[in-house]
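Heads up: the structure comes next, in structure tokens.
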Amino acid sequence: MSTPVRVRFAPSPTGYLHVGGARTALFNWLYARNRGGKFILRIEDTDEARNTETAMQAILDGLRWLGLDWDEGPEVGGEFGPYFQSKRQSIYDAYFAKLEAAGRTYTEENGAVRFKFSREPIMVADLVCGDVHFASTEEPDMTIRRPDGSYIFHFVNVVDDIEMKISHVIRGEDHLSNTWKHIDLMHALGSHPPRYAHIPLILNPGGSKMSKRDEGAAIDSYQKSGFLPDAVFNYLCLLGWTPRSEKEKIDRQELVTLFDAADIHSSNARFDMAKCTWFNAQYLRELAPEALLGAASPFLQSAGIDTGSNTHAAVAVHSVKEKISLLSEIPAWAHYFFREDYPFEEEVITKLKAKTENKALLQAVLDHLPSISDWSESGFTIGIESVAAENKVKPGSILPLLRFALSGQNRGPNVATIAHLIGQESTANRIQRVLTKVL
Ligand code: GLU
């Protein structure tokens, strides 16, 4: 019987969730969900004395936003806890004693303790990088315990992987060069090493490793700029992995079904914000009106737009969905649906004033409005066509003027859609306002 799949994401709390860490978590999560295994979250907080609680929350928030739920870990618990390295000192002491008893440690004059390497050649059978051979090392023996009794990263990382019965270690490629040390320690502790999968780095568009300063480096920035978690999830999956599928836009459940660690690339991935934004636009367009309004609400609220009493709010927001890529763009595209005092763009004022007949045409529309009995989009369109015919112009000469008048903008959904949504009375008021205040 094969061992149950138990994978872990083991971040050191740095105050934010980095896109590279999120992608590592994502691959672990996909692997666990694909194999019916467990995804464990372990906080490696031994070195980070300062402000660990807030730093950890940033990681939890980021994982939750992406929908990466963990089966064991902080706030969830589990039989192998505590899931904070800072709370596991007694476990490390016990393993340390085991290593001592096996004669694999020695103490330096300053009190630091070193682990005696086996000095055997070690092979890492990596699911992504293939068999990586490390020759018998000439490196000095590794310090595992400091004079103050605290343990270094390699030791606690290995102990926890043993204790938590981790079956597969899926982590950043930057850890590959030290993996032989981990395997040497595992053997010395009488344990069988897990399978390893070292995943490639994410590079910024300039070709260097993504750093905190790079656009898109912090997961909370996606939420703030109006990305949907599903879109970011989909995009991050493709950074270093090509699913066996004809399409790129793949929903969560299908990604779980398709995921295989063996398909992860061994070459580095290149981060592309434009591509990520493209994914977001695709996901936004699929949202039903109510869902889009729900997702857009924080952005509308922070722009001071109250959609509360407007029953057409969801439809109004939905009407601009083809125009936007980010939720944060919605207020600029839809604000006039929710207020009568919307501003007029400079360009719009110039265009309204460009021709003297514009005023007469708008007046003609205003005069005709009461005779439109069917205020549907088609009823409105028929009404405008008859005004155009009476004035011997094409509807195309009137519709832009109406767009300017009804929205203050030079872009947006169909004019008939706007008129229908704001209603007959507001349409009349808006035209009247332009006639008296602008022209
Ligand atoms: N705390 C380590 C890191 O953040 C984890 C390494 C590992 O996954 O083994 O890089």
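Here the structure is a predicted model, which means the values were calculated and not measured. Whatever order the structure lists ligands and atoms in, that order sets their numbers, starting from 1.
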Tell me, yes or no, whether the heavy-atom count around Glu215 atom CD, taken from other residues, nucleotides or ligands under 6.0 Å, exceeds 12.
no
Hey, does Val169 sit under 4.0 Å from ligand 1 if you only count heavy atoms?
no
Work out whether the distance between some heavy atom of Arg8 and some atom of ligand 1 is less than 4.0 Å.
yes
Derivation and outcome, side-chain contact (heavy atoms from CB on, under 4.5 Å), residues Ile183 and Thr179
CA-CA 6 Å; Ile183 293 179; Thr179 300; 4.2 Å; yes
Can you name the atoms of ligand 1, numbered from 1 with element, that are less than 4.0 Å from a heavy atom of Glu44?
1 (N), 2 (C), 5 (C)
Which of the numbered atoms in ligand 1 are below 4.0 angstrom from a heavy atom of Asn157?
6 (C), 7 (C), 9 (O)
What is the closest protein heavy atom to atom 5 (C) of ligand 1, and at what distance does it sit?
Ala10 O, 3.1 Å
Around atom 10 (O) of ligand 1, find the nearest protein heavy atom and jot down its residue, atom name and distance.
His175 NE2, 2.8 Å
Qualifying salt bridge (Lys or Arg N to Asp or Glu O under 4.0 Å) pairs, either residue in residues 4-28, two or more places apart
Arg6-Glu72, Arg8-Asp161
Glu340: which residues meet the side-chain contact (heavy atoms from CB on, under 4.5 Å) condition with it, sequence neighbours left out?
Ser426, Arg430
Are Arg433 and Tyr342 in a cation-pi setup, meaning NZ or CZ lies under 6.0 angstrom from the ring centre and within 45 degrees of the ring axis?
yes
